[in-house]
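A quick note: this is a predicted structure, and the numbers were derived from the prediction, not measured. Chain A is the first sequence line, chain B the second, and so forth, proteins listed ahead of strands; every chain is numbered from 1.
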Number of protein chains: 4
Amino acid sequence: MMAKLQKSIDKQRALLEATLNLINNGGIQEASMAKIAKLARVSPATIYLYFENKRDLVNKLYLEVKGSFTEKAFEGYEVKNPVKKSFEQIWFNMAAFKLRHKEKASFLSQCDNIPLIDEQTRQEGLKHLQPLFDLWLRGQKEGIIKSFSPHLLYAYTIYPMAFLMNAQCRGTFQINKKVLQEAFQAAWDSIKV
Amino acid sequence: MMAKLQKSIDKQRALLEATLNLINNGGIQEASMAKIAKLARVSPATIYLYFENKRDLVNKLYLEVKGSFTEKAFEGYEVKNPVKKSFEQIWFNMAAFKLRHKEKASFLSQCDNIPLIDEQTRQEGLKHLQPLFDLWLRGQKEGIIKSFSPHLLYAYTIYPMAFLMNAQCRGTFQINKKVLQEAFQAAWDSIKV
Amino acid sequence: MMAKLQKSIDKQRALLEATLNLINNGGIQEASMAKIAKLARVSPATIYLYFENKRDLVNKLYLEVKGSFTEKAFEGYEVKNPVKKSFEQIWFNMAAFKLRHKEKASFLSQCDNIPLIDEQTRQEGLKHLQPLFDLWLRGQKEGIIKSFSPHLLYAYTIYPMAFLMNAQCRGTFQINKKVLQEAFQAAWDSIKV
Amino acid sequence: MMAKLQKSIDKQRALLEATLNLINNGGIQEASMAKIAKLARVSPATIYLYFENKRDLVNKLYLEVKGSFTEKAFEGYEVKNPVKKSFEQIWFNMAAFKLRHKEKASFLSQCDNIPLIDEQTRQEGLKHLQPLFDLWLRGQKEGIIKSFSPHLLYAYTIYPMAFLMNAQCRGTFQINKKVLQEAFQAAWDSIKV
DNA sequence: TATGAATGAGTATTCATTCAT
DNA sequence: AATGAATGAATACTCATTCAT
């Protein structure tokens, strides 16, 4: 039972994975619908049973990956812990995710600046970060974190990771435990009061 | 009269500008050679008188824009000034450039992650930032700046600007003088000892 | 019904025919993929469902035509017949083919000298002529045919037909039964002991 | 004095040579006007001072090469010599030319079948072969040579050389003195009474 | 005479998408 | 639900030719 539904889900998953892989090896222009279909062992026409068009496919992929990222980010997070400790935990969770799932991290950073991702999708992707925003708010109330806009806090604590990841992917930089500690230090210093 | 040479330079400039504009409105996939030619009021074949191919065109544009960015960055910079003051000056120069030339800033941030830009070009583009790297080194020797890799310093002081700019371009964030001061504060705090 | 398969075969055939016709009227440079598609009443993209690229298309066409040529050449050929009679039969078969299928003959002679045809394809095309080579060998063993390389035998018995065909196509020469007999006489005299 | 005229002739010669070389390395489609101009160290526009268009250029080249071929063919030819001896001399002259000037020979054989060469040009190119036709006529009157059309005689004595040359160029056949003697033997046997 | 710059039309090939089955 | 076949429009790039100088 449910075999059909499962098969359907499998196919959708295969398509998303194929898209992710292709985009990572050569950018979005390398990920043609034909190639995606081939890599997912599916007919090109089948893609359109699951997704409206290419834009829809990429946007859904974006949401999916962003979702798995934030899921990992808040793993083990407990609201009752002190602000810095919580932030530290989330930050290292995020770093761990990016280091472990380089393709996903690379994909997300590719999406950061391209117009193919709808504004709506972007907002949707941010929603799951709410706990982090709440944490920052608490930190600000406690006088631990600067009273800056969450955009600023994000820009100076989370966003830099992407740069370091990209540099590492290009082979011009090596991330290790020491670097990670330093990065966190910089992140925290930038927003702590 | 130099009329011919001038005309030639004008055309090259028109092509670079057209490319910049098209890439900004819709990403690189929207910037086809045909559209670029049309926007520059030139035949498609003419592009190839000035550039080897699309990759060459985009890379040259990248270098050109990066060049104008760094030129602005070090405007009025004098090595003899104290580290923090110098850094502040450079930082605000960069911010001013990004605010004034949003298309250029947006283009550069799009290029950060696409494979179309050669690694060599990227390195070439970084060369002009050498004075900043030197400044950081001096700051580290003076015990003012953390002994981190320049990659880290860049990731936490310069790179975040791109995020804020993009957010503003998308209309989800508003940069003003106060925000700018806060951003600099965060940048400096992240790397100062 | 096999309707689908048949339709597929028909389309491939239409494409090959269109290519043949276009190459014959104006050489290979006149046979653009767009024209081929148009003449075959098919979209340019459809060509690539059946052939890898232009080179593949022309090479496959070459093999196909060469195949139909050699098939005709050995029609009614029986190994047990005497050498001269067999050779005569094959020779006139070939001549008949070239006279009946002038476009094919003309196409083949155009292909003799162009680099678009792969060496491998050329060899492949020769394979079906093996019975003729075997016949010559027998003739040489029987002391009837000169002990020359098959290349020489081919050059002086088969190859000249192309010249006569081309001359006739250009209207500068008329082939009739008498000429045909003379041509065979010349061919045989050139290789007989 | 006459420096200008000489320069002019040099340029025309350079253009013809460039065309010959390019056509030989990759066929006519590889010989674009731009490449020809570059190889001849001349502006593309300059070509049109000497030739009407590409067709004209190739046709004039054809005539030029054919001319040098026939010039060589009748080198040392004296009408008073016996028919067979004269034919032998001309035949070996032609073979020597083709072996020594492979590019020219290859070019001529490429031209044999392509529509780019005008019929008029072809006829013009044949004119210089008149002494050979006269020789054949004499041979026929003397009862030494078969009473066949000159087309046939040409097809079976001269044309086969092209096949052997092409085979050698492709590396599938080796021409040496013995082969040459055999080839002449075949040629003569095919037309002698 | 000679040119470098310019071009519109063309090149082979690929695209995202749809349709008949 | 799923597909292989099909496609018009687009892709980057090249062509033979011309024009202003």
Side-chain angles (χ1 to χ4, degrees), chain A residues 4-5 7-8 11-12 29-38 41-58, chain B residues 1 3-5 7-8 11-12 29-38 41-58, chain C residues 1 3-5 7-8 11-12 29-38 41-57, chain D residues 3-5 7-8 11-12 29-38 41-58:
Chain A
K4 261 186 178 169
L5 179 56
K7 216 174 143 195
S8 211
K11 231 162 244 185
Q12 182 155 357
Q29 47 194 353
E30 278 302 301
S32 74
M33 296 301 256
K35 282 186 192 163
I36 291 170
K38 198 170 194 179
R41 296 165 182 279
V42 143
S43 160
T46 304
I47 302 182
Y48 292 85
L49 297 177
Y50 296 93
F51 306 96
E52 271 179 59
N53 49 36
K54 191 174 180 180
R55 171 177 283 268
D56 182 42
L57 166 58
V58 177
Chain B
M1 283 297 189
K4 242 185 181 174
L5 179 58
K7 215 175 147 195
S8 207
K11 219 160 260 188
Q12 184 155 356
Q29 49 194 350
E30 280 301 303
S32 75
M33 296 304 255
K35 282 186 193 163
I36 291 169
K38 202 167 195 177
R41 296 166 182 279
V42 140
S43 159
T46 303
I47 303 181
Y48 294 87
L49 295 178
Y50 296 92
F51 306 96
E52 272 180 58
N53 48 38
K54 189 172 181 178
R55 172 177 283 268
D56 182 44
L57 166 58
V58 177
Chain C
M1 284 295 188
K4 242 185 182 174
L5 179 56
K7 215 175 148 195
S8 208
K11 220 160 258 187
Q12 184 156 353
Q29 48 194 350
E30 280 301 302
S32 75
M33 297 303 256
K35 283 186 193 163
I36 291 169
K38 201 167 197 178
R41 296 167 180 280
V42 140
S43 158
T46 303
I47 302 182
Y48 294 86
L49 295 179
Y50 297 93
F51 305 96
E52 272 180 57
N53 48 37
K54 189 172 181 179
R55 172 177 283 268
D56 182 43
L57 166 58
Chain D
K4 260 187 178 170
L5 179 57
K7 216 174 145 194
S8 211
K11 231 163 242 185
Q12 182 155 356
Q29 46 194 351
E30 277 302 300
S32 73
M33 296 301 256
K35 282 185 192 164
I36 292 169
K38 199 171 194 178
R41 297 165 180 279
V42 142
S43 161
T46 304
I47 302 183
Y48 291 85
L49 296 178
Y50 296 94
F51 306 96
E52 271 180 58
N53 49 35
K54 191 175 181 179
R55 172 178 281 268
D56 182 43
L57 166 58
V58 177

Dot-bracket line, read 5' to 3' along DNA chain F, where crossing pairs take [ ] and | marks a partner on another strand, Watson-Crick or G-U under 3.5 Å: .||||||||||||||||||||
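Put simply, Thr46(D) has a side-chain N or O that comes within less than 4.0 Å of OP1 or OP2 on dT3(E). The shortest distance between the side-chain N/O atoms of Lys11(A) and the OP1/OP2 oxygens of dA1(F) is not below 4.0 Å. Contact annotation: Lys7(B) does not reach the phosphate of dA5(E) (side-chain N/O to OP1 or OP2, under 4.0 Å).
Atom-to-atom, CG of Leu57(A) to P of dC15(E) comes out at 15 Å; the value is rounded to the nearest Å. Between the C1' atom of dC13(F) and the CG atom of Asp56(B) lies a distance of 14 Å, rounded to the nearest Å. Counting to the nearest Å, the P atom of dG4(E) and the CD atom of Gln12(B) are 18 Å from each other. Between the P atom of dT11(F) and the CD1 atom of Ile36(B) lies a distance of 10 Å, rounded to the nearest Å.
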Where protein sits on nucleotides 15-21 of chain F, one letter per nucleotide: B base, S sugar-phosphate only, - none, heavy atoms under 4.0 Å: BSBBB--
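Between Met33(B) and Leu57(B), the closest side-chain pair of non-hydrogen atoms falls below 4.5 Å.
Not counting sequence neighbours, the partners of Lys35(A) by the salt bridge (charged side-chain N to carboxylate O under 4.0 Å, His left out) test are Glu30(A).
Residue contacts for Phe51(C): at a heavy-atom cut-off of 4.0 Å it reaches no nucleic acid atom on any strand shown.
A 6.0 Å sphere centred on CZ of Arg41(A) holds no more than 12 heavy atoms belonging to other residues, nucleotides or ligands.
Comparing Arg41(B) and Tyr50(D) against DNA chain E, the residue whose closest nucleotide sits nearer the 5' end is Tyr50(D).
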